[in-house]
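Input: a single structure, listed below in structure tokens.
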Amino acid sequence: MLVAAAVCPCPPLLVPEVAAGAAAELDGLRAACYDAVAVLAAARPDRLVVIGPAEQAGRGPHPQGAPGSFREVGADRAVRLGPADGPPAPERVLPLSLAVAGWLLERTRWAAAPVEGLGVGEPLSADRCAQVGREIATGAERVALLVMGDGSACRSVRAPGYLDERATGFDAGVARALAEVDTEALMAVDEALAHELKAAGRAPWQVLAGAAEGADLDGELLYDDAPYGVGYHVATWS
């Protein structure tokens with residue numbers, strides 16, 4: 001059963017070694033992410049599942065201790081997904097979203113429960129996302145989720161997807177759903193619109209919605225802003 005969830009964005013810029021001289025610009029976002037992970041630990045889960053968007057090579061399960069790095073974004077910084085648990089297979093490298101999650105767990109010294117990761121692809125339908133979420137929620141008596149994913153990337157002319165007037169309303173709807181634990185609203189997020197707005201969090205959020213069915217959780221929105229023109233949300237359900 002799902003007992004807690006944290007939603008965080010997954011830009012590599014969260015990692016100070018990647019952001020370099022601009023690291024201080026996201027201090028508030030990092031602090032909100034640390035607080036969200038603390039809520040997961042306080043829930044005393046038996047199992048933590050980290051979910052994040054992934055390209056084809058990174059989709060599927062990733063065990064505790066799986067390796068990742070930020071070399072592809074210019075920083076020679078290695079991470080693992082949770083505490084190392086035996087020698088990981090070197091050919092199975094974490095997607096960037098789960099590498100950011102691994103960095104967050106490292107920084108917050110996660111030791112509350114065993115960790116596993118799941119990379120999900122953008123093509124995964126809402127119904128399939130919900131089914132995956134339900135399966136995860138029944139995997140242990142007390143399950144916690146760390147859900148990684150960005151909102152729209154079209155909030156300004158300098159954004160990766162340039163300016164799209166639909167982006168502000170899209171992100172506001174997601175923020176409201178996360179704050180109110182509105183699983184129906186998350187399931188109703190339009191897949192085509194999310195794709196057009198480059199919102200990488202759509203599939204992970206809908207996995208969360210499936211996992212939370214029947215759970216009696218309260219929500220809190222800890223961060224809602226769009227630095228660099230990308231919508232970032234941090235929320236907790238507990």
Practice item. State yes or no: do V93 and M148 share one hydrophobic cluster built from I, L, V, M, F, W and Y residues joined by side-chain heavy-atom distances below 4.5 Å, directly or via other members? Key: no

Review point. Measuring from Q206:CD to S125:OG, what's the distance to the nearest 0.5 Å?
Key: 8.5 Å

Check your understanding: Does W205 reach the side chain of H233, with side-chain heavy atoms less than 4.5 Å apart?
Key -> yes

Review point. Would a 4.5 Å heavy-atom cut-off, applied to side chains only, mark R71 and D76 as touching?
Key: yes

**Study point:** Same apolar cluster: I136 and L217, side chain cutoff 4.5 Å
**Key:** yes

Exercise for review: Check whether Y232 and V18 end up in the same hydrophobic cluster, where Ile, Leu, Val, Met, Phe, Trp and Tyr are linked by side-chain heavy atoms less than 4.5 Å apart.
Suggested key: yes

Practice item. Consider only side-chain heavy atoms of I, L, V, M, F, W and Y, link residues closer than 4.5 Å, and tell whether V73 and L26 are in one cluster. Key: yes

Revision key, fill the gap. Which of V49, L105, L208, I51 passes side-chain contact (heavy atoms from CB on, under 4.5 Å) with L146? It is L105

Point to revise | Nearest-0.5 Å distance that lies between atom CH2 in W237 and atom CD in E180 | key: 10.5 Å

Review point. Among the clusters formed by ILVMFWY side chains lying less than 4.5 Å apart, do L104 and V50 turn up in the same one?
Key: yes

Check your understanding: How far does CZ of R202 sit from CG of L186, to the nearest 0.5 angstrom?
Key -> 11.5 Å

Check your understanding: Do you know the tightest heavy-atom contact between C10 and V100?
Key -> O-CG2, 3.6 Å

Check your understanding: For P45 and L40, which heavy atoms make the closest approach, and how far apart are they?
Key -> CD-O, 3.3 Å

Point to revise | Minimum-distance pair of heavy atoms, taken over all atoms of R59 and V120 | key: CG-C, 4.2 Å

